[in-house]
Amino acid sequence: MGKLLYVQASPRQKHSRSIQVADAFVDVYARAHVDDEVETLNLFEAGLPSFDGLAVQAKYTILNGQMHPAAELEAWRAVEKVIVQFKSAQKYVLAVPMWNFSIPYRLKHYIDLLVQPGYTFSYDPQTQYAGMLKDRRVFVVYARGGDYTDPHPPPFEFQKSYLAAILGFIGLTDTQSVTVEPTVIGNQALRQERLAAAIAEARNIAKTF
Ligand SMILES: Cc1cc2nc3c(=O)[nH]c(=O)nc-3n(C[C@H](O)[C@H](O)[C@H](O)COP(=O)(O)O)c2cc1C
């Protein structure tokens, strides 16, 4: 029995295109893996611990190779809890909107909690940085209001490029993705057509995930 963690980075619930496509994926996956646990985490509903003050200081304590003083421990335990939940899964599904050419701030907050030395990546002067999450699969749905397949797309794309890089940094290199776009601009027929195509593609990938 394995565990799939389904991370939703949109607050738009049933209006969210990334969640609609990811739901279709999870539906097919769950039917094919009846013994697996599927845990859903909506980042706009989850009470993520703050990553400031003592928690950031605690990260520097680790980077400096020291033990956490008592004052930092409580803040660090809250960060560890988020990491433990993430690492308890072997497979991940991420529903990710594009916000201002990048990812929503709650997903960035989640990443800032997860990407920690000694937990999800290691550093060695010889081997440099190495991701610590091994043998795990990731499926990402990217949603974009604009159309980046257009021959003249908007100039910035820091959504997929950033997320793929940071996932790879912690060892999550076995990734597949589907992009649903445009979800806002363009005529309605095109938007519906692209949504249906993304759902079909997601369902297809789920069969062998
Ligand atoms: C704060 C905010 C910023 C956005 N910025 C962009 C953007 O830079 N480029 C774009 O193509 N769409 C942008 N959009 C539109 C969303 O990408 C689009 O609505 C997408 O479908 C959101 O994903 P969701 O439907 O899963 O919530 C933005 C939307 C919001 C709310």
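Sequence positions, counted from 1, serve as the residue numbers for this chain. Every number for a ligand or one of its atoms is a count from 1 in the order of the listing.
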- Going by the order shown, which atoms of ligand 1 are within less than 4.0 Å of some heavy atom of Thr183? 18 (C), 19 (O), 20 (C), 21 (O)
- For Gly145, counting its heavy atoms only, list the atoms of ligand 1 lying under 4.0 Å from any of them. 10 (C), 11 (O), 12 (N), 15 (C), 16 (C), 17 (O), 18 (C)
- Task: On the 0 to 90° scale, with breaks at 30° and 60°, tag the His68-Trp76 ring pair as parallel, tilted or perpendicular.
- Result: tilted
- Task: For Ser10, counting its heavy atoms only, list the atoms of ligand 1 lying under 4.0 Å from any of them.
- Result: 24 (P), 26 (O), 27 (O)
- Answer yes or no: does an N/O atom from Val184 fall short of 3.5 Å to an N/O atom of ligand 1? no
- Ionic contact status for Glu181 with Arg194, cut-off 4.0 Å: no
- Quick one: look up the protein heavy atom nearest atom 5 (N) of ligand 1 and list residue, atom name and how far away it is. Asn100 N, 2.7 Å
- Note on the structure: Residues Ala9 and Leu107: closest non-hydrogen pair is CB-CB, 4.0 Å
- What protein heavy atom sits nearest atom 28 (C) of ligand 1, and how far away is it? Met98 O, 3.4 Å
- Message: Please verify the inter-ring angle class for Tyr105 with Phe44; under 30° counts as parallel, over 60° as perpendicular, anything in between as tilted.
- Response: perpendicular
- Message: For the CZ atom of Phe86 and the CD1 atom of Ile83, what is their distance to the nearest 0.5 Å?
- Response: 10.5 Å
- Query: Just distances here: any N/O of Ile19 and N/O of ligand 1 closer than 3.5 Å?
  - Reply: no
- Query: At a 4.0 Å cut-off, with the gap strictly under it, does some heavy atom of Tyr148 reach an atom of ligand 1?
  - Reply: yes
- Message: How far is atom 29 (C) of ligand 1 from the closest protein heavy atom, and which atom is that?
- Response: Trp99 CD1, 3.7 Å
- Task: Starting from atom 8 (O) of ligand 1, find the nearest protein heavy-atom neighbour and note its residue, name and distance.
- Result: Phe101 N, 2.7 Å
- Of the choices Gly146, Pro97, Ala22, which has the non-hydrogen atom that lies closest to atom 22 (C) of ligand 1? Pro97
- Message: Please list, in number order, the atoms of ligand 1 under 4.0 Å from a heavy atom of Arg144.
- Response: 17 (O)
- Task: Examine the side chains of Asn100 and Ser102 and answer whether a donor and an acceptor come within less than 3.5 Å of each other.
- Result: no
- Item | Cationic N near anionic O, under 4.0 Å, Arg77 to Glu80 | yes
- Of the choices Glu181, Arg17, Gln13, His15, which has the non-hydrogen atom that lies closest to atom 25 (O) of ligand 1? Arg17
- Message: When you compare the side chains of Glu39 and Gln85, does any donor N or O come within less than 3.5 Å of an acceptor on the partner?
- Response: yes
- Phe139 ring center within less than 6.0 Å of Tyr92 ring center: no
